[in-house]
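Right, one structure below, let's go through it.
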2 protein chains.
Amino acid sequence: MYTLLKQFLAKNMAADEAVLDAFCQKFRLKKTKRNEILLSAGDVCPYIYFVNSGCLRIYMMDVNGKESTRFLVTEGRFGTAFPSFTLQEPSLAYIQSIEPTEALYINSHDFRELLDTIPGWERVYRINLERDYIASIKRIESLITMDATQRYKQLMETTPTLIQRLPNKIIADYLGISQETLSRLKSKK
Amino acid sequence: MYTLLKQFLAKNMAADEAVLDAFCQKFRLKKTKRNEILLSAGDVCPYIYFVNSGCLRIYMMDVNGKESTRFLVTEGRFGTAFPSFTLQEPSLAYIQSIEPTEALYINSHDFRELLDTIPGWERVYRINLERDYIASIKRIESLITMDATQRYKQLMETTPTLIQRLPNKIIADYLGISQETLSRLKSKK
DNA sequence: GTAATTTATTGACATTTGTCAAATTTCAGC
DNA sequence: GCTGAAATTTGACAAATGTCAATAAATTAC
């Protein structure tokens, strides 16, 4: 249950088993079916999740019901409605499990406590933040510099697994294009 | 010279004057003219900057010479070619002062040392990262959910100062649209 | 202050992408 | 394995935005 999480910690932090256990005990396990909603827009996001298996999708919905995927979170990664969880304010985004998913979760209060009490954890979390931030910078770059075809090609090169694994329309709104456009550029080349 | 930087620290960290001074002494001051290049694409970004006055622009250039602004950094904020500085790998972006600018700078090695040695600084930096990451998430959202008009309107509401202060074409490529399109939506309404 | 350069605006047109609708295919759930 | 729902593809058309070119306005550098 905690294997992946411990691996995540061990990568950037030297800690003995007892500390790792103390850390992990703050997390609970949640198993979801496909397409379960874990958070609705308007609510304050209480939890940050660490995905053991499956996939979480952070997405928004506009007034016409059109959805846009902000992030996709797969095995071995932390994910949450980040602005809401971090600032404890109402979320603009929904969280949904688009596959049957097993995830660990911890509430905001306990999470902050870990940052205060587990030596080295603030560093690990900071490095994880840097990584996520870099990924989001690259995403911004692709959105302002590339057209739909280039963005799709890039996604195929960097994370082909995602494309195989997820339905077309999720990929499309992750790329910021319509389902039909994606379908057309797939058939072209 | 260090006033703004000390304010930045003091916001999230209790430290006596001696510690603040030790911290600040690692930074050097750079004054630039308008349109000076501080980093070219291809180089590893050695510094992170803290802007005292003026404005730095982090931007990319494609093979046709078309520019896209990744970030704009104004007074009281840290800025750098983040992926390059953090991972110490060649930068895809340029850094330019689009106004006469006064900025403090520190190299990667010293910066890491501060994270190790100044109590509380890793926390302050982590919180700053969260803030920047949240800003980038909101930018991604606006890019995947809004059209040009909506994005411009949002920018007018959130940072009208930027629009007044910077040339049109910088605003346009920050928004990911052409200069002409921006000019047209300004005249419309 | 003036010339030279850069920046902004405008028009005409091309291209990309979106929208709506219908037909087809795939797949989840029993 | 069936069956119904969901996802995908395709066509026709509309809307948004980009590109190129010319002109006008603003600003910098001297």
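Order of the sequence lines sets the chain letters (A, B, ...), proteins ahead of strands, with each chain counted from 1. For the numbers below, each heavy atom of this structure counts, side chains included, while hydrogens, waters and symmetry mates do not.
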Checklist line | Side-chain donor/acceptor of A/Thr181 to backbone N/O of A/Ile177, under 3.5 Å | finding: no
Rounded to whole Å, the CG-C1' distance (A/Leu175 to C/dG18) equals 15 Å
Atom CG of B/Leu166 and atom P of C/dA8 are separated, to the nearest Å, by 10 Å
When rounded to whole Å, the OH to P distance for the pair A/Tyr152 and C/dT16 reads 18 Å
Do you see a donor-acceptor pair shorter than 3.5 Å between the side chains of B/Arg57 and B/Thr69?
yes
A/Ile171 atom CD1 is separated from D/dA7 atom P, nearest whole Å, by 13 Å
Given protein heavy atoms under 4.0 Å, the one-letter contact record of nucleotides 12-30 of chain D, with B base, S sugar-phosphate only and - none, is simply B----SSBBB---------
note: B/Gln150, atom CD; C/dG18, atom C1'; distance rounded to Å ~ 14 Å
Under 6.0 Å between ring centres, would you say that holds for A/Phe8 and A/Phe50?
-> yes
From CG of A/Asn168 across to C1' of C/dC27 the rounded distance in Å is 14 Å
Is the Lys NZ or Arg CZ of B/Arg139 less than 6.0 Å from the centre of B/Tyr174's six-membered ring, within 45° of the axis? yes
Do A/Ser91 side-chain atoms and A/Asp43 backbone N/O form a donor-acceptor pair below 3.5 Å? no
Between CD of A/Glu99 and C1' of C/dA28 the distance, given in whole Å, is 14 Å
Rounded to whole Å, the NZ-P distance (A/Lys186 to C/dT25) equals 16 Å
Can a donor-acceptor pair be found between the side chains of B/Ser68 and B/Asp173 at a distance below 3.5 Å? no
